[in-house]
There are 2 protein chains.
Amino acid sequence: MDKKPTIDDVARAAGVARATVSRVLNSSPNTSERVRQRVLQAVKDLGYQVNLQARQLASGSSRVVALIFAAAADAEPNSYYHSAVELGAMRACSELGYGLIAHTLDPAQDVYRSRVLAMVDERRCDGLVLTPPFSDDAGLIRALTQREAPFVLISAGPDARRLAHSVGIDDRQAGFELGEHLVRGGHRCFGFISGPQDHRSAALRLDGFLEALRHAGIDEGCVTVAKGNFTFKSGIDCAEKLLASAARPTALACANDDMAAGALFSAHRIGLNVPSDLSITGFDDTPVSQIVWPPLTTIHQPLRVIGSKAIELLVGQIMRENGASDMADHQHLVPFELIQRSSTSQGAPN
Amino acid sequence: MDKKPTIDDVARAAGVARATVSRVLNSSPNTSERVRQRVLQAVKDLGYQVNLQARQLASGSSRVVALIFAAAADAEPNSYYHSAVELGAMRACSELGYGLIAHTLDPAQDVYRSRVLAMVDERRCDGLVLTPPFSDDAGLIRALTQREAPFVLISAGPDARRLAHSVGIDDRQAGFELGEHLVRGGHRCFGFISGPQDHRSAALRLDGFLEALRHAGIDEGCVTVAKGNFTFKSGIDCAEKLLASAARPTALACANDDMAAGALFSAHRIGLNVPSDLSITGFDDTPVSQIVWPPLTTIHQPLRVIGSKAIELLVGQIMRENGASDMADHQHLVPFELIQRSSTSQGAPN
DNA sequence: ACGTAATTTGGAAGCGCTTCCACAAATTAG
DNA sequence: CTAATTTGTGGAAGCGCTTCCAAATTACGT
């Protein structure tokens, strides 16, 4: 097995200096067309490929960014959400000539911070995109800011959004519209399955939801909240609890689709008909919302767009390379949409 | 902002040579305890972190492996499958001190081969794990073998398994057991929703299934096959077609859970009761099989184990560093299990 | 035609690390 | 107590690339 050709081999073959080859390869502006062609030809002839390690070492940048997801060690990760964001991110990356490395960490294990920081300290990547609940971790954000590492937050809560560049939807407004929708359906007694506390943007969904009810003149006492953790399983458990109460709600709003699927499962088990006995709403519009029966009314988040937008912001930040100062308009809000399917009744319930 | 400390800073602080620091850091055998401690102390004091790029360039290995998944540009990726495999792989990696980079590619776009090869050519990783349908791509396998790149196949078909190290279940036997189960349930008229052609291991599932029917003395004419592509959507379409036929099957076996969920969806829409009117089986035992109602009878594949096993094999291969010769016992078969849930009837159908 | 400015090219110095080789020190054997 | 080993350590040569700087070439104005 013969060794791989290096830049020097190319230089020799093209009869130019190593520096010239480097310039051509990095499309530096100052190269004559004649030399340029010669070099390109030599590259092709030899089947030359840059050695990324060497390039990175010499240039001091890896041209790789990382996308950080949460996944509890035992629980199933919210895969559809992840995949969609990752897909968007990947596209943006390949367009911008960056590599993407997706990393999932368990937010319950305290090492996660050092793991994240190690990624930038060891120069595995030039920048980071954080998804919830990491995007609400003030300590992490501070550490990142301190070492001047470029990063972008996805679906962060209001506090975190103040501290760094971010992209996401208006969760509060989305929650509001869900509330409105259910009120319009004639419901007066509600259950809400929320996310864990550290997930700030999910909390906003509840805020907005409650506001919609208030707006409609419905008493706060008419809504019971159960705290889930975004898993299907927790949706089952919460729904079971909520549906067992004396004043059984006729509508269940859930902070994500997986929990809504769980609620639906509970309803089936109890023998309730959806939507005639019980309306259920999800959040995110992941494929789960269409896989279940009946398909879920939910809020569509443009997850891929969010992923690609985050990368664009991040790369912009990396290129600018000055960091700090320009926190100007870098709080991107993307549009969401209420998707009406058959898990919610149109008219009034019993 | 002060620059990061280098190995030379550590050496100076500890009063030893750079080479010694390197030895300590790489736990080379020849270092005295006294010096060792001094170096470690200096590392801690300075907050030193190795620069991976430099280490990789100097050592010629990146200590990173890649996991390649398929995802059509438009269709939703089979996320649960991916996540589970990735999780297992990730664990094995962190145990073995390797980094993992998961990459998804569209098998429909021809560039995918060069993308994969570039990963090893550019030395982004020391080795690869391929999932279907890439694990059945003879051309890719050949190219990889030719450049002596270490790689491991997941759920590859028999042809590919002959060519390289692999890990997976006995798909044929799993299909057989599914068939048996349905026959035991009293069914005599079947539908089978298969995967795309290039997915060899999924084809084995059908082979095994048919064999079970033959075994039970059931005529081949009693089973109709529809070709899906592993997506929920294709499950709906195929089921619709199969259920519309004159001799409507009383049992539908599907090559993965997502398509089974689609079949279930169709059944609901048509107004068939599962399992009393129609039994449905999935494959993989991803969370989808429990999210739907009724939950699916399916084959449990130990996806995480498969992921971690693949990494172990791969790293073993990388360390051995001789490649080729020892294709001995490197065809790992992991156990699967038939999981019985309520989507299949126990007794005889109508 | 000539001087000066703008552009293209080559030379060489690293980037931060691993690892080979040689040498000194500490052991063991004879 | 010297000779033959076995350690432990330092020096130095790269790994393959980018990039600064200076030299060479070309373009342009007068």
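So that the names make sense, note that chain A is the first sequence line, chain B the second, and so on, each numbered from 1. From a predicted model like this one, the values you see are computed outputs, not experimental measurements. Reckoned from all heavy atoms, side chains included, excluding hydrogens, waters and symmetry mates.
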What is the distance, rounded to the nearest whole Å, between atom [atom1] of [X] and atom [atom2] of [N]?
| X | N | atom1 | atom2 | answer |
| --- | --- | --- | --- | --- |
| B:Leu57 | D:dC15 | CG | C1' | 4 Å |
| B:Glu122 | D:dC15 | CD | P | 20 Å |
| B:Asn26 | C:dG16 | CG | C1' | 13 Å |
| B:Gln53 | D:dG14 | CD | P | 23 Å |
| A:Arg12 | C:dG10 | CZ | C1' | 15 Å |
| A:Gln49 | D:dC15 | CD | P | 19 Å |
| A:Leu52 | D:dT18 | CG | C1' | 14 Å |
| B:Gln56 | C:dC15 | CD | C1' | 14 Å |

So, do A:Phe69 and A:Phe134 have ring centers that fall under 6.0 Å from each other?
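No, the ring of A:Phe69 stays outside the 6.0 Å limit from the ring of A:Phe134, centre to centre.
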Please answer whether the main-chain N or O of [Y] pairs with a side-chain N or O of [X] as donor and acceptor at a distance below 3.5 Å.
| X | Y | answer |
| --- | --- | --- |
| A:Thr20 | A:Val16 | no |
| A:Gln49 | B:Ala118 | no |
| B:Asp136 | B:Arg200 | yes |

Matching residue for B:Val64 among B:Asp126, B:Leu100, B:Ile101 - test: side-chain contact (heavy atoms from CB on, under 4.5 Å)
B:Ile101
Answer yes or no: does atom CD of A:Glu95 have more than 12 heavy-atom neighbours from other residues, nucleotides or ligands under 6.0 Å?
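Atom CD in A:Glu95 is not packed in, count stays at 12 or less.
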Does this structure show an ion pair linking B:Arg18 with B:Asp8, if we count only N-O contacts that are shorter than 4.0 Å?
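A salt bridge is present here (some side-chain N lies under 4.0 Å from a carboxylate O).
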Positive for salt bridge (charged side-chain N to carboxylate O under 4.0 Å, His left out) with B:Asp121, one of B:Arg147, B:Arg115, B:Arg113
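Among B:Arg147, B:Arg115, B:Arg113, the one that satisfies the salt bridge (charged side-chain N to carboxylate O under 4.0 Å, His left out) with B:Asp121 is B:Arg147.
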How bent is the helix from C:dA1-D:dT30 to C:dG30-D:dC1, comparing axes over its five end pairs at each side, to the nearest 10°?
30°
Pairwise side-chain contact, B:Ile68 with B:Thr131, heavy-atom cut-off 4.5 Å (strictly under):
no
Classify B:Ser22 by what it touches in the nucleic acid, base, sugar-phosphate, or nothing, heavy-atom distance under 4.0 Å.
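Contact class for B:Ser22: base.
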Closest to the side chain of A:Ala58, out of C:dC17, D:dT19, C:dC15, is C:dC15
Protein and nucleotides 9-12 of chain D: nitrogen or oxygen contacts under 3.5 angstrom:
from	atom 1	to	atom 2	distance (Å)
D:dT9	OP1	B:Ser32	OG	2.9
D:dT9	OP2	B:Ser32	N	3.0
D:dT9	OP2	B:Ser32	OG	3.4
D:dG10	OP2	B:Ala17	N	2.8
D:dG10	OP2	B:Thr20	OG1	2.6
D:dG10	N7	B:Arg23	NH2	3.2
D:dG10	O6	B:Arg23	NH2	2.8

